[in-house]
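Okay, structure first, notes after.
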Protein chains: 2
Amino acid sequence: MTTDCKACPLRSQPIFDDMTQDELEKTRRFKSGELAVDPGTPILMEGSNAPQLYTALRGMGLRYKTLPDGNRQVINFIFPGDFIGLQASMLGEMGHSVEATTHMTLCVFDRGDFFDFFRSSTARAFDITWLAATEEHFLGDTLATVGQRDAISAIAWAFVRIFQRAETLGLVRNGVMPFPFKQQDVADALGLSLVHTNKTLARLRERQLLAWSDNTLKIHDLAELATVADMELEAVKPRPLI
Amino acid sequence: MTTDCKACPLRSQPIFDDMTQDELEKTRRFKSGELAVDPGTPILMEGSNAPQLYTALRGMGLRYKTLPDGNRQVINFIFPGDFIGLQASMLGEMGHSVEATTHMTLCVFDRGDFFDFFRSSTARAFDITWLAATEEHFLGDTLATVGQRDAISAIAWAFVRIFQRAETLGLVRNGVMPFPFKQQDVADALGLSLVHTNKTLARLRERQLLAWSDNTLKIHDLAELATVADMELEAVKPRPLI
DNA sequence: CGAGGGTTTGATGATAGTCAAAGTGAGTGG
DNA sequence: CCACTCACTTTGACTATCATCAAACCCTCG
């Protein structure tokens, strides 16, 4: 019923590092099951000390923080292959919430086994640290755009990043990718109001840089979008998959 | 001449986890020397693949990113005990630059030894991952304030955080701590202009919440400052020291 | 057909950015 | 010891980006 790690559809994507048989076997044992959730389902709550961690296998979701005044900051968008819940395992408590945007299926791991898994191979421990360091890296980029770019650059930046991530996961066909989020989500990710996001999006559309509707995003001119964003395109590096 | 880890002045601060003799000894061997730098000295450059990593022993500094248009985003302020350069070790390249604000002395570690050190004990590997996860956690908080709070809340938030960090390091006496940064640094950390930061700072001063001059920060009313920031005060947890 | 979630548009106003210039204080050199 | 410079802070005036408010529009769904 559940996907065997041996047949994991993610692992075959070129973006993911190869695994040794041994690692594969250990990961398989670490995996305790699968979770299928409907759109809108909360997966982890900020401040919670969740007993489980996950890897997104299919579907998309959001990480976000809610401030005392009720404002929401979207930390990032969750794509297949993302490891979820590391903070709870390492720090005993999540710094943000996670929820499913589409229907999702997640590989479930038991926190009680996490330490053993971490210890089971130095390479895997390294992988986990790599993931944490990479998150930090990307968050720094995000912080820089939210702090420094104006609305049109920020939105262009976000879509370039999103599109590139999707490409590495094989989600893009003919310049089109699934993007099942709301304008409000993008607004909350970039610290912009919904109205302003909408109007800025309209400008990008008018400039023929992208089209986004019906949960589908089409990038017409990635290079020009990157120019609007005033960003340097980064090389894509292979990454580990847990 | 250099500080022996056994006599490390940081380790005795209650905020830092105890180390076993074995860990202490391994850390000692990992440490390859000390670096003393003057204010303004660049320590690591964004994009560089530095051969060394550091732990801040004394002094303060900045992590920041520079955008193509020349704008600068300060990622955070570096305090004693901070581990610097993990990204280069894990990802092969720094996502941000680091520079000294005051005179600093740094423990130097060789990147070539990093993997061995990481492997030398699971507890240490865990510590390193813990640090990465914690950075991610704090960065998420920062992103939320830059994205969602207005200037006065954001600045109040920043000073509460800074003050609390300083307290854990024993840097506060009578509500006063060293804070050797410029208004421009704070502005760049929060995505605000220098002028607006200055005027907002003046408002906080007029409200008798804080005083900051001569590289010295005095918090008059931390609770009220936290109220202005609309933040919940977090419990302080012990943390590892590398 | 009405309800509800999401998107779009217009109008208005405030927060924050930009520009410019003056003030302050430490450090330097004549 | 007194200009003079330089880095940083402060203030005022003006501008604009972006938030807020409100309402219409569009689609899907029951």
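Sequence lines set the chain letters: A, B, ... in the order given, protein chains first and strands last, and positions in each chain run from 1.
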Any donor-acceptor pair under 3.5 Å linking the side-chain atoms of A/Tyr64 with those of A/Glu46?
no
For a quick check under 3.5 Å, do B/Asp38 and B/Thr41 share a side-chain donor-acceptor pair by atom type?
no
Holding to ring pair (Phe, Tyr, Trp, His ring centres under 6.0 Å), I want the full list of residues that pass it with A/Phe179, two or more places apart in sequence or in another chain.
A/Phe77, A/Phe159, A/Phe181, A/Trp212
Closest heavy-atom pair and its distance - A/Glu34, A/Cys107
CG-CA, 4.3 Å
More 5' along DNA chain D: A/Asp214 or A/Thr197, using each one's nearest nucleotide?
A/Thr197
I'd like to know whether A/Met177 forms a side chain to side chain contact (heavy atoms under 4.5 Å, CB included) with A/Thr216, so could you lay out the CA-CA distance, the side-chain angles of the two residues, the decisive distance to 0.1 Å, and finally the verdict.
CA-CA 6 Å; A/Met177 63 172 280; A/Thr216 295; over 6 Å; no
Please find the earliest and latest nucleotides of DNA chain C, in the 5' to 3' direction, that have an atom within less than 4.0 Å of any heavy atom of chain A.
C/dG6 to C/dA11
Integer-rounded Å distance: D/dA19 P and A/Asp150 CG
11 Å
Given protein heavy atoms under 4.0 Å, the one-letter contact record of nucleotides 8-13 of chain D, with B base, S sugar-phosphate only and - none, is simply SSBBBB
Integer-rounded Å distance: D/dC18 C1' and A/Ile152 CD1:
13 Å
Within 45° cone and under 6.0 Å: A/Arg11 NZ/CZ vs A/Phe16 ring:
no
Using every non-hydrogen atom in the two residues, find where B/Leu57 and B/Pro80 come nearest and quote the distance to one decimal.
O-CB, 3.7 Å
Atom NE2 of B/His196 to atom P of D/dA16: distance rounded to whole Å?
18 Å
Just by distance, no angles: are the side chains of A/Asn49 and A/Glu93 close enough, under 3.5 Å, to form a donor-acceptor pair?
no
